[in-house]
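Some notes on the structure that comes next.
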Amino acid sequence: MDKMPKWADVALVPVVSLILAALISAIVFVAVGQDPWEALKMMAYGAVGTSDSLGYTLFYATNFIFTGLAVAVAFHASLFNIGGEGQVLLGGLGAAIVVLFVPWPHWTLALIAGATAAALFGALWVAIPAYLQARRGSHIVITTIMFNFMASGVLIYMLSGPLKPDGNMQIATAVFPEAAHLPSLNDIAGLFGSDLFGRSPVNVSIFIALLACVGVWALIWHTRLGYQIRALGRSESAAKYAGISAVNITMIALLISGGLAGMMAVNNTMGVNTPQLVDNASGGAGFIGIAVALMGRNHPIGIVIAALLFGALFQGGAELSAATSIPVQIVVVIQALVIMFTGALDEMVRSPIEKLFIRFGRSRVAGE
Amino acid sequence: MDFFTIVQLGDASVRMAIPLLLACLAGLFSERAGIFDIGLEGKMLAAAFVSAAVSYTSGSVWVGLLAGIGISVVLSIIHGIASITFRGNQLISGVAINFFAAGLTVVIAQGWFAQGGRTPSLPSEARFNGLDFPGALSRMRDKMQASPGMQFYSEFVSGHSILVYLGLLTVPLSWWILYRTRFGLRLRAVGEAPEAVDTAGISVVRLRFSAVIICGILCGIAGAYLSTAVQAGFTKDMTANRGFIALAALIFAKWRPWYALGACLLFGLFFAIDIRFSNIQLQVIWIMVLLIGCAAALTIYAVKREKIDVIVLGGLSLVLTAVALTAWFGTASADGIGIFTALWETVKIPSQLIQSLPYLFVVIVLAGFVGKAIPPRAGGQPYVKER
Amino acid sequence: MSDISPAIELIGISKAFGPVKANKDISIRVMPGTIHGIIGENGAGKSTLMSILYGFYKADAGEIFIAGQKTQIPDSQAAIAAGIGMVFQHFKLVKNFSVLENVVLGAEDGALLRPSLAKARKQLKSLAEEYELHVDPDAIIEDLGVGMQQRVEILKALYRHADILILDEPTGVLTPPEADQLFRILGRLKAEGKTIILITHKLREIMDITDTVSVMRRGEMDSTVKTSDTNPADLAERMVGRKVLLRVDKTPAKPKDVVLEVRDLDITDEKGVHRLKGVSFNVRAGEILGIAGVSGNGQSELLEVLGGYEKASGEILMNGVPLDLTGAHSDGQSRRARGIAHVPEDRQHDGLIMDFSAWENTAFGYHHDPEYQRNALLMDNAAILRDAQGKMDRFDVRPPNPLLSAKNFSGGNQQKIVVAREIERDPDLLLVGQPTRGVDIGAIEFIHQQIVALRDAGKAILLVSVELDEIMGLSDRIAVMFDGQIMGERLPENTNEKELGLLMAGVTDGETA
Amino acid sequence: DGHASNPAIIYDLGGKFDKSFNESAFNGAQRWAEENSSAFAEFEITSDAQREQAIRRFAEDGNSPIVMAGFSWATALEVVAPDYPDTDFVVIDVSWINMPNVRAIGFKEQEGSYLVGMMAATASESGVVSFVGGMDIPLIRRFACGYAQGAMAANPDATIIANMTGTTPAAWNDPVKGSELTLAQISQGSDVVFAAAGGTGVGVLQTAADEGILSIGVDANQNYLHPGQVLTSMLKRVDNVVYDSFSNKGDLEAGIFVLGVESGAVGYSLDEFNAELVSDDMKAAVDAASAEMVAGTLVVHDYMSDETCPALEF
Ligand SMILES: Nc1ncnc2c1ncn2[C@@H]1O[C@H](COP(=O)(O)OP(=O)(O)OP(=O)(O)O)[C@@H](O)[C@H]1O
Ligand SMILES: Nc1ncnc2c1ncn2[C@@H]1O[C@H](COP(=O)(O)OP(=O)(O)OP(=O)(O)O)[C@@H](O)[C@H]1O
Ligand SMILES: [Mg+2]
Ligand SMILES: [Mg+2]
């Protein structure tokens, strides 16, 4: 007998958490002198009100799907990969190198090559923290944080040295060749005479993100590897008994996680209207991935929903701060509240709901 | 390197070490009680903001310090509610607190002072200024001319803000509390075996809350130190990851106060070196020796072990070797000289590398090459009596 | 009798853990200066009841009277103040503290430690002399044996001036001589007028030492009787609610070829402790070798080496071919491939993933099996589910719902899932650790039958158990382990519990005289 | 309508209040708004992905001119500008975009830096002057290089110490490190420090004041921050550029404009806060040098022209 039905666990609890996070956010808005209802309306309009903003929301959501999946895969192995930021940066480096130095004939090939390189670089960047976690028990949280700082050092070094185009002042690579520029969704919609996504950079990598969702879903619940990842995550001792190599699975789970984070860079470099790699290529998406994974209950469907929500929040928040004097960091505050309520205060929300279900369930059983 | 440079390096190390030390001891109290806290960063940041803002508005730095401690304690209590009362995931709660502080400080600072998320610069009377000991020289230029003893006295001993001396005093105090008082015994016990504490008739919840509150107080002082002693005001993200470095120092220190002092001074030294010697030149030959030496050592270590070690460490060795060779041939071709002459050429170490050194060092420390650190046994786990 | 009030009186105690009702309206009275036994199956609610008395759990309903006074016990502090001391089934000690620190923890005199420690040191000395409870006050707990740790727990209670001492299964971890000494101490405490409550599964102990005994069943109080008015068979019947067969039905073994040969197995753990010291034995097809011993004497390590998740030096031959003990093939997968199945000692910790559903657990460890794969990439979840349903039906797992999480099954049913998984693999060698720990009598009978049936099918079985009754009942051959060594081998028909008990305490034949 | 033709300004990632050129740009816009009691549109981006979005948004709303602060806008602008031929764009710190509707404005920071470098070397008693840069990018090296040349010109024996705070954008906002760098420089003998480091400079100026040495502010006039202790400020009149662009809306001339001392776009500041520090001789020497620059007889080497500096090693 479960304490409560599955739908309550996967839907009701997160929704209640979200409402609580929203209530506290409303208080913050009031504290800085902004009508929360107005703010919400502004954010909603800013997120989906125009075709441009809708497109931007989807563009950010694409980023967050990748980083959310990355965090989730690691979470299934009970590992907290907080290094998404660094892995995204390295992923960008990988993508930039293959598209800048190889003349790809068509964007499809460039996409495959870029995504592969991005995933590879992202995975390599987590390899050492993963190895240290697996082999020496060095806490992945701290090592990946350190690797985030170092990633930014590596990237800046590359962008201001080896990859710097002559005469360019911006810390960025040259603009990628046209063949490596991914078609935007609006280009595709344009074929049907629509202007659904405006000038937004949302592009075909959103399909890669959705494919990655399916891939992660199959991986986690339908492959031996996923089975082993989950087993290790739930009980290290039992995994040992079953002959599941904690070292190997930890490594593999984190490499996949890093690869997914790295792949985000495809969207952010090859997909944007000016395709190039800039110095802050991740834009905080690595961290937002944590909130997305927590809210999405580490399930791809949940992650897609959460990513859309955070995409809207990110885009709407930017519009809000453009229209008012509220700094855009309000988005970080909301994000923190979502992490707090869906992640750390889960029990606070869950326990009363559980009690309700037990009481309700009991009377039902008694009635039978 | 002359004597005064060494004194200065020591002086800067201490100055850089103090916020680390306070945060590290904060983490020590919390983790010794079984509550992991990666929210040190956020608490310091919040305290830095509030103490600067309140110092500015009230004109009294002490009121500011108290307010900073206050906000940090509030965040600690939130962490406590999440991880003690509701037995939530301590890492996640810490991450949330970091974000919360990073965002809210800017939002509120903007709403309050409208200066783009910073506080106005604090006037001297609203800051912790350096204490000049009797007879000590205060100006750098005077010190440079003084005798070595005077230099040491004036630069290293004197001239720090009161929080520095306070921070250093916290070390013996923490040691004394932990090992010489009833509270310390219980605190250490609750991080090792909360059920033992519980059955001994002591409230685990109260004990752990006291620990996180102490953690909050120390983080509060650390934050206030940054914005009212080192700096004259708050700027966004001014803690610059010190909270995370403090955690690494805590592991390095094996959760012991005196070791924590050592670890933080070492990290402080790293920062001081980074600041003072960002322009380091090395002969190519030394780069080769260093990198290829590391690569060789890693390879030797790996071959005796399992496949995974060979793959990862072997890969790392290859990367190091490749970097070394690139530096060598790169120098040769850039200067248009023979590859053997290039070995004696001096090149500048990329500043990005120098700046990454403290982080790299943290990773090396965590890799356990400096000895194994065993965390408090009940650390990170909520105390659950009834499943 | 009515003019002295009972030392303890519990009235109408109820306690639920979520949906589990651990105690239902329980009442009990214990007279001062007596030893009161409590028996009951695993999960009957004994520990829960005592933990409520000690303030560790809060009762949902009920009243507590101590020495005739109604007493609120919201926490252990209150229990200690009321003169209650408790030695838990799982000790509540701080492992890396000294004995002295553990004793003073929570009972310090002032804010400073030094005076408290000095006082406690003196006090411990006199307690040690008074009750023969000698321990080194400066020893670190984790360096002490379980017997010594238990002494520390008793000293903790006495240091707090406990008049009522609760002991929850104190002898489970003790050798027979250690148990005898414990009972001598309890006798002395009783003579001093202290009241003692003793939880145990061993009917013999109840008969030997208690004055009265209560029987609990399924969270309820069945009955309380004077010990002198009852006998073991009667108690067993009260416990289970029906007549029980305490013996296992089996025919004599027909051992064939040696399946498992262990030679000079040695383990030194990370701390440098020598866990196994040159262990050698063999198991033949069609026989059950039982390994008896108090837990912590190397049996667990032995099973772990055989199961592939502990490294060792020495030699193990499986059907004549050596097993890899240190290299890449010393893991559970390789062992399974060699025909070794393993019912681990701790099912919740090792044998099952508590958060996985039952069907996922039935493939656990065998997830690489071809029959569970749909193709090179994907697992065949439907096949696993079908397979799980069959196993659960055949092994009478209740409820027979493979979609439930493992944590939602009772201990006995969890164990059945593990046993079904391992036995139905038709292994050449079955390793079984504590097969019936925490399992009720009905399920014990069933599991025992399955093990015997596997033996009769000509498989080799290595059984490790701390329950002497189980060893005696199931084994065809018995080896006794003590301190990482095999002290000797006996045939069940040629030995008795006393002899095995002495071997378990490390006393060999020569020394008995 | 009035609103639609409003000018707009978009700040770079550092944000409107970076105490550096974003803030300076804001001040110019603000001044224009106050003087004309008109409104302008503004936006602070938070990620690079927003650049195009921000430009297009204002262009579609009919804002003109649209002023962008910072060279990072160049790439996005090159893509967007052709789509809005009727909109005027002004981009600051860019001297390479040549488009019919873009006014690209660069500054000769080396000239202003040269002037304050002369003042620093003259004011210095120790003969050691120093420079704290923000993020290590060519633009900041241009400041450092000009400063070093000026110092050498005033005192050929001068020693110039230059440090960069970091290589990431965080280097614009690390006053603690700025303060430590300053202390290190003081111990190497420096008694005048020039900060071209955004928010980090706040720490530099503060420490210089605490330690009793002179400091030099940047971009805006920062003399007021520590009266009597800031020798001067190297002015880079981004505010004027914004102000002028807003004022001349409708008839802005497209093209590349690199502004130097001759136009007053760069220079040094003199006000009541530093009047006592700047001697008449010093002022005379500096003014003479600027006259030479205007006349073309003095050419200050531009680091960005060839990525080398005759007076300083990086
Ligand atoms: N902390 C707890 N949380 C939830 N359920 C519990 C807890 N402790 C015990 N239970 C449940 O309460 C019931 C009674 O457990 P209890 O430990 O009192 O039994 P017991 O009689 O002491 O058994 P044993 O002989 O195994 O010690 C069991 O079903 C058990 O699963
Ligand atoms: N930790 C738990 N979480 C959820 N449900 C539990 C838990 N422990 C026990 N239960 C539920 O309580 C019921 C009784 O469990 P308990 O372990 O007390 O059984 P039991 O009486 O000891 O049975 P068995 O003799 O088979 O061990 C189980 O069927 C199970 O559904
Ligand atoms: Mg049970
Ligand atoms: Mg029990």
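So that the names make sense, note that chain A is the first sequence line, chain B the second, and so on, each numbered from 1.
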Over-ring placement of R230(A) relative to F364(C), 6.0 Å and 45° cut-offs: no
CA sep, side-chain torsions, deciding dist, call: H222(A), L377(C), side chain to side chain contact (heavy atoms under 4.5 Å, CB included): CA-CA 8 Å; H222(A) 290 273; L377(C) 222 52; over 6 Å; no
Under 4.5 Å from any heavy atom of chain C - which part of Q228(A): side chain
Contact leader toward chain A among D331(C), D380(C), I353(C), N401(C), where contacts are heavy-atom pairs under 4.5 Å: I353(C)
M354(C) and R234(A), any side-chain heavy atoms less than 4.5 Å apart: no
Validation row: M379(C), T223(A) side chains within 4.5 angstrom (heavy atoms): no
Test log, rule side chain to side chain contact (heavy atoms under 4.5 Å, CB included), inputs Y227(A) and F356(C): CA-CA 10 Å; Y227(A) 184 93; F356(C) 273 17; 4.0 Å; yes
Reported CG-to-OG distance for the pair D346(C) and S237(A), which is rounded to 0.5 angstrom: 7.5 Å
Exam field: side chain Q333(C) to backbone A242(A), donor-acceptor pair closer than 3.5 Å: yes
L210(A), CG: over 12 other non-hydrogen atoms inside 6.0 angstrom: yes
Minimum heavy-atom distance H342(C)-Y241(A), with the two atoms named: O-OH, 2.6 Å
Distance in Å, E236(A) CD paired with D350(C) CG, rounded so as to fall on 0.5 Å steps: 11.5 Å
